[in-house]
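Because the structure is predicted, anything quoted here is derived from the model rather than measured.
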Amino acid sequence: MAYYYSEPSHTFSEYLLIPGYTSEDCIPDRVNLKTPLVKFRKGEEECPISLNIPMTSAIMQSVSNDTLAIALAKEGGISFIFGSQSIQSQAAMVARVKNYKAGFVVSASNLTPEDTLADVLNLKAANGFSTVAITEDGTATGKLLGIVTSRDYRVSRMSPTDKVKDFMTPREKLVVAPKETSLKAANDIIWDHKLNSLPIVDENDHLMYFVFRKDYASHKANPLELLDGEKRYLVGAGINTRDYETRIPALLEAGADVLCIDSSEGYTCWQSKTIAWVREKYGDKVKIGAGNVVDRDGFRFLAQAGADFIKVGIGGGSICITRETKGIGRGQATALIEVAAARDEYFKDTGIYVPICSDGGIVHDYHMTLALAMGADFMMLGRYFARFDESPTPKVLVNGSYMKEYWGEGSNRARNWQRYDLGGSSKLSFEEGVDSYVTYAGPLHDNVEASLYKVKSTMCNCGVTTIPDLQRDAKLTLVSAVSIVEGGAHDVQLRNK
C-alpha cells in the first residue's frame with residue numbers, strides 16, 4: 001500500500017513568525033546575513049565559500065547571465081550562469097564575470113571607423129554603455145584606432161550618418177597602458193590623467209581590456225561584494241547530467257567558483273554519478289550543489305553522494321507547472337522544514353554541515369525571512385531577479401505597463417530537456433514551464449537593498465541578528481484562511497482604488 005502523509009503540505013503564506021524579545025542590539029544595521037554556501041565540518045573549520053547575503057539567482061535563461069551575476073556579486077550574493085546554452089557560450093559568460101572584477105573589462109561596445117553616429121546611438125540604447133571602442137575590425141580585441149564617448153558628439157548638432165572616424169578621439173590622443181600593467185598602476189594612471197577609462201593594449205596595439213574609474217568607486221560603495229582571493233567576483237554555473245565531462249572542465253577553466261546540477265528532481269542515479277565523476281577527477285577541490293529534493297530521503301541520498309549543498313523545492317516556482325503536468329511536488333514550507341531537520345540530523349551523525357537552498361515559492365519579501373527561519377541557509381530566486389534591469393530579457397510595454405519577459409526552463413521556449421532527464425531520448429516531450437511576463441522593477445541594487453532591509457527588520461522583531469540565531473530561536477505558527485485575510489487591509493475603502 002502506498003505511503004500517505006497524515007498532514008497536508010503547506011506554503012510560506014500559511015505561516016507567520018511570532019515576535020521575540022527585541023534588545024538594544026537588535027537593530028537592522030547590526031544584522032549579519034552571512035551564510036554558508038557549501039558544506040564544511042561545522043565548529044572545526046571555516047566554510048570554504050560563504051555568501052554575504054542569502055541570495056542566489058536561478059539557473060535560467062531569462063535570469064542568470066553575466067550582467068546579473070556581476071550585479072548580484074556586488075551585493076554579496078552569487079549567480080549560477082544558465083547551462084542551457086553551448087559550453088563555449090556559458091564559459092564565456094563565466095569568464096566575463098571573472099575578468100570584470102579583476103578590473104580588466106573586455107569591451108562590450110565596439111565599432112569600426114566606417115560606422116556612423118546612428119550605430120553609436122543604437123549600441124548605447126541596446127546595452128547602456130557610453131564608452132565605445134573603435135577597432136580596425138569592430139571587435140573587442142581588434143587593433144585600437146580610437147574611442148567614442150558621450151563627450152565626442154552632440155546629437156542636436158550632428159547627422160546620424162556622420163562617420164565615426166570624423167568625431168572619435170583617435171588613437172594618438174589616447175592614454176593607454178601595456179598588458180603588463182597592474183590594476184593598482186592602471187588606477188593611478190586614471191587618477192593622474194583624470195580619465196574615465198584606460199584602454200589596455202598588447203604589443204601589437206590590439207585592445208585587450210578597459211579599466212574604468214567607476215569600478216574603483218563601485219568597490220568602495222559595495223562593502224558586501226563577494227570576491228575571491230584575487231579580488232574578482234565569485235560566480236557559479238549550472239550543469240546537467242549529460243555533458244558534464246566536457247562542460248565542467250571548460251567552466252572551471254573559465255573560472256567558475258562553484259557548480260550546481262540543474263534538475264527538476266535530484267533523487268536520481270544520474271546526479272549521484274555526476275557528483276562521483278567530479279570527486280574522482282577533482283576531489284573536494286571543486287564545489288558542486290545538487291537537487292532538487294523535498295524530503296529527508298532525497299536529502300540523505302545527495303548528502304551521502306557528496307553534494308556540497310542541496311536545493312529544496314519541486315513545483316513551487318512561479319513559471320513551473322510540474323505539479324500540474326506530473327502530480328509531483330510538495331508545498332515549499334513543508335518540504336523545507338523536513339529537509340532542514342534531515343540536514344541537522346546528518347550533521348549530528350557525521351559532523352558535516354551541508355547547507356540547504358530554498359528554491360521556489362517566494363512570492364513576497366517576508367517569505368524570505370520565513371524560509372531562513374525554517375532552516376534554509378540561502379535562497380535561489382528566479383522571478384524576483386527576472387524583473388530587474390540587469391536580467392538578460394528585454395523590457396517591453398504591455399497594456400501600458402513595462403514588463404520583462406520570463407520563461408521557465410521546461411517551457412518550449414527554453415527547451416532545456418536535460419533538466420528533466422530521465423535517461424531517455426534527447427527531447428522535451430511536454431512542457432513543465434510557461435512563457436510569461438513579470439512587472440519591471442528597476443535596478444537590482446535598489447530592490448535587493450529594500451527586500452533585505454525587511455528581512456533584517458523582521459529578524460530584529462524576532463530578537464536575533466544572525467541567520468543561525470533565527471533558525472534556532474524562531475517561533476512559527478500556522479495561520480487559517482480567515483487569518484490570512486485578516487492580515488491584509490480589510491473593511492476599509494483604499495484611497496488609491
Side-chain angles (χ1 to χ4, degrees), residues 3 5 7 9-10 34-51 54 56 78 80 236 241 258-280 282-314 316 329-361 370-380 466-474 476:
Y3 178 80
Y5 284 90
E7 294 291 330
S9 63
H10 298 285
K34 189 171 183 176
T35 189
L37 176 65
V38 297
K39 70 181 178 185
F40 63 104
R41 195 168 290 275
K42 199 170 184 181
E44 296 181 17
E45 59 186 52
E46 186 179 354
C47 180
I49 306 176
S50 292
L51 303 173
T56 67
I78 195 169
F80 288 87
T241 56
V258 59
L259 307 171
C260 184
I261 302 172
D262 180 29
S263 176
S264 65
E265 203 273 293
Y267 193 179
T268 72
C269 62
W270 295 285
Q271 293 218 3
S272 177
K273 289 177 181 178
T274 303
I275 297 169
W277 182 87
V278 169
R279 294 291 172 250
E280 181 179 351
Y282 300 103
D284 291 329
K285 183 174 64 174
V286 170
K287 307 303 179 184
I288 178 170
N292 288 19
V293 300
V294 292
D295 66 354
R296 176 187 180 277
D297 293 344
F299 172 87
R300 295 285 298 203
F301 173 79
L302 290 177
Q304 290 166 354
D308 285 291
F309 66 85
I310 294 171
K311 292 201 295 160
V312 181
I314 295 176
R330 199 177 194 188
Q332 186 66 11
T334 300
L336 189 55
I337 291 168
E338 180 172 327
V339 173
R343 175 207 52 209
D344 295 343
E345 176 189 280
Y346 187 80
F347 169 57
K348 184 177 179 181
D349 293 344
T350 66
I352 298 173
Y353 188 86
V354 182
I356 59 174
C357 167
S358 180
D359 180 16
L370 286 170
L372 296 172
M374 290 173 181
D377 295 284
F378 57 95
M379 297 156 289
M380 182 167 278
T466 69
I467 292 173
D469 287 348
L470 177 68
Q471 294 169 343
R472 183 194 66 221
D473 297 341
L476 296 108

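No side-chain heavy atom of Gln471 sits less than 4.5 Å from a side-chain heavy atom of Leu372. Leu51 places none of its side-chain heavy atoms less than 4.5 Å from the side chain of Lys34. No side-chain heavy atom of His10 sits less than 4.5 Å from a side-chain heavy atom of Gln332. At a threshold of 4.5 Å between non-hydrogen side-chain atoms, the residues Met380 and Ser358 do not count as touching. When side chains are defined from C-beta on, Val258 counts as touching Phe80, because their heavy atoms get closer than 4.5 Å.
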Practice task
Apply side-chain contact (heavy atoms from CB on, under 4.5 Å) to Met379 and Asp359, showing your working.
Solution key: CA-CA 6 Å; Met379 297 156 289; Asp359 180 16; over 6 Å; no

Practice task
List the steps, then state whether ring pair (Phe, Tyr, Trp, His ring centres under 6.0 Å) holds for Tyr346 with Tyr353.
Solution key: CA-CA 8 Å; Tyr346 187 80; Tyr353 188 86; over 10 Å; no

Exercise for the section: Could you please spell out the steps behind the side-chain hydrogen bond (donor to acceptor under 3.5 Å, both in side chains) verdict for Thr241 and Gln271? Expected result: CA-CA 6 Å; Thr241 56; Gln271 293 218 3; over 6 Å; no

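The nearest pair of heavy atoms linking Cys357 to Thr56 is SG-OG1, 4.4 Å. The two residues Gly351 and Arg41 have their closest heavy-atom pair at O-CG, 3.3 Å. Across every non-hydrogen atom of Ala305 and Ser272, the tightest pair is CB-OG, 4.1 Å. Counting all heavy atoms, side chain and backbone alike, Pro355 lies closest to Asp308 at CD-O, 3.5 Å. Taking every heavy atom of both residues into account, Ile467 and Asp377 meet most closely at CD1-O, 4.4 Å. Listed here is the closest heavy atom pair of Lys311 and Ile261: CE-O, 4.5 Å.
Summarising the geometry, atom NZ belonging to Lys287 is positioned 14.5 Å from atom OH belonging to Tyr282; distances are rounded to the nearest 0.5 Å. Taking OG of Ser9 as the start and CG of Leu336 as the end, the distance is 12.5 Å to the nearest 0.5 Å. Here the CH2-NZ distance, from Trp270 to Lys273, works out to 7.5 Å after rounding to the nearest 0.5 Å. The CD1 atom of Ile49 sits 12.5 Å away from the CZ atom of Phe40 when rounded to the nearest 0.5 Å. Note that the CD1 atom of Ile356 and the CG atom of Asn292 stand 11.5 Å from one another [nearest 0.5 Å]. One finds the CZ atom of Arg330 at 9.5 Å from the CD1 atom of Ile337 (value rounded to the nearest 0.5 Å).
Side-chain atoms of Glu280 never come within 3.5 Å of backbone atoms of Ile275 as a donor-acceptor pair (strictly under, hydrogens ignored). For Thr466 (side chain) and Asp469 (main-chain N/O), a donor-acceptor pair under 3.5 Å exists by modelled atom type. Of the possible polar contacts, none joining the Arg343 side chain to the Val354 backbone as a donor-acceptor pair under 3.5 Å is found.
In summary, the aromatic rings of Tyr3 and Tyr5 are positioned with their centroids under 6.0 Å apart.
More than 12 heavy-atom neighbours from other residues, nucleotides or ligands sit within 6.0 angstrom of CD on Glu45.
Using cut-offs of 30° and 60° on the angle between ring planes, the pair Tyr267 and Phe301 is tilted. Using cut-offs of 30° and 60° for the angle between ring planes, the Phe378 and Phe309 rings count as perpendicular.
Among residues two or more places apart in sequence or in another chain, the salt bridge (Lys or Arg N to Asp or Glu O under 4.0 Å) test is passed with Asp284 by Arg279.
For the side chain to side chain contact (heavy atoms under 4.5 Å, CB included) with Arg300, the qualifying choice from Asp295, Asp349, Ile310, Val339 is Asp349, the only one to do so.
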